[in-house]
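Residue numbers start at 1 and run along the sequence shown. Just follow the structure's listing: the first ligand is 1, and inside any ligand the first atom is 1.
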Amino acid sequence: MSNEFLNIKNLHIHYVTEEGTVKAVNGVNMEINKGETLGLVGETGAGKTTTALGILRLVPNPPGKIIDGEIFLEGQSILELPEDEMRMIRGNKVSMIFQDPMTALNPVMTVGEQISEVIEIHEKLSNKEAFEKAKKMLELVGIPGARAVDYPHQFSGGMKQRVVIAIALACNPGLLIADEPTTALDVTIQAQVLELMNNLKNEFNTAMLLITHDLGVVAEVCDKVAIMYAGEIVEYSKIEDLFENPSHPYTRGLFGSIPNLDEEVDRLKPIKGLMPDPTNLPSGCKFHPRCPHATEYCKENHPEDTEIAPEHKVKCHIYTGQVKPKGEI
Ligand SMILES: Nc1ncnc2c1ncn2[C@@H]1O[C@H](COP(=O)(O)OP(=O)(O)OP(=O)(O)O)[C@@H](O)[C@H]1O
Ligand code: NI
């Protein structure tokens, strides 16, 4: 039996707008094994949320459309599935915590009702049984079951986020997608929520796709990291490798001078220049206009993945030997 839960092959997603076609996701490949957490990191507009929505087939259409590629969940190809089967997969096999979790809760329903609603959709339980299970879910995320009868406004921000996690986990999904799950929380609560997610992942062997700008979060919870730029994964590796040997010039830039797993790592470092216009992406390597090492070759040729160490891939002509770096990378 394969241990693989998610496998994405050559995914392309566009948004067709009046201003032009936004090429949001451009040939993404990604694998996540059971019980493994992959961090998806990149600047705003890189295509992280769009990739996540693609996995759930929730890219708003129009204007969005999956143009090409394949997505497998436990070996099953999902892009061709009828919508009703897809609905069963959402929240059953895969659930997602959205970027703004505070608006994810319904203010006029108790949290217990909201959790049991999800349970009832996917499991044949009576109202009462589902509500009892909802209480257990609350306890699992560190909230007393008795509080199931309370409304969202009666909870603090950190507790609301725990409720959102409880809802996402209510059906014991194989894959949890979390889009910036802790950004809206203060630092101590962030740490608690991350620890909680880590514990749950270990307990249930849940695969996780964690979207974040925060390298501290990556260092704390991820097993692997994918660095995304202009809709492509430009570097992909195990966490230790990435921090010890960041290799793509973009990753090096993000990390600043010398990243260190043990150090207090902070937000991504700003890099000179701007993200390219996604309706008019640069030719060749999409990073070439911002890259200190770029040559004519980079302008003309699109780099494919080069495996520079086991499970460490980089899209950069320096590693194919076509381009000599100008000084240290
Ligand atoms: N509904 C939409 N219509 C048109 N363009 C969109 C739509 N949603 C996203 N885009 C564009 O697609 C590109 C990728 O956006 P996406 O939200 O996936 O990036 P992201 O990496 O999640 O960014 P952030 O870190 O800000 O959340 C951006 O250029 C964005 O403007
Ligand atoms: Ni996003």
For ligand 1, which atoms, with element, lie under 4.0 Å from some heavy atom of [X]?
X: Pro278; result: 29 (O)
X: Thr17; result: 4 (C)
X: His213; result: 25 (O)

message: With nothing but distance in play, are any N or O atoms of Pro60 less than 3.5 Å from an N or O of ligand 1?
response: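 The answer is no, given that Pro60 and ligand 1 share no N or O pair closer than 3.5 Å.
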- prompt: With only distance considered, is Gly45 within less than 3.5 Å of ligand 1 through an N or O on each side?
  reply: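 In this structure, Gly45 places an N or O atom under 3.5 Å from an N or O of ligand 1.
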Between [X] and [Y], does at least one N-O distance fall below 4.0 Å, as a salt bridge requires?
X: Asp150; Y: Arg147; value: yes
X: Glu296; Y: Lys299; value: yes
X: Lys313; Y: Glu31; value: no
X: Glu232; Y: Lys315; value: no

- prompt: If only atom types and distance count, is the side chain of Arg57 paired as donor or acceptor with the main-chain N or O of Ile78 below 3.5 Å?
  reply: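 Side chain of Arg57 to backbone of Ile78: a pair is present.
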query: Quick one: does Gly47 get within less than 4.0 Å of ligand 1, heavy atoms only?
result: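 It does; at least one heavy atom falls under 4.0 Å.
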- request: Only heavy atoms count here, so choose which of Thr50, Thr44, Asp179 is nearest to atom 26 (O) of ligand 1.
  value: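 When every heavy atom of Thr50, Thr44, Asp179 is considered, Thr44 comes closest to atom 26 (O) of ligand 1.
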- prompt: Taking the six-membered ring where the residue is Trp, are the ring centres of His248 and Tyr229 under 6.0 Å apart?
  reply: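 Aromatic pair excluded; centres sit 6.0 Å or further apart.
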query: Does any N, O or S atom of Thr50, backbone or side chain, fall under 2.8 Å from the Ni ion (ligand 2)?
result: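 No, Thr50 does not qualify, because none of its backbone or side-chain N, O or S atoms lies under 2.8 Å.
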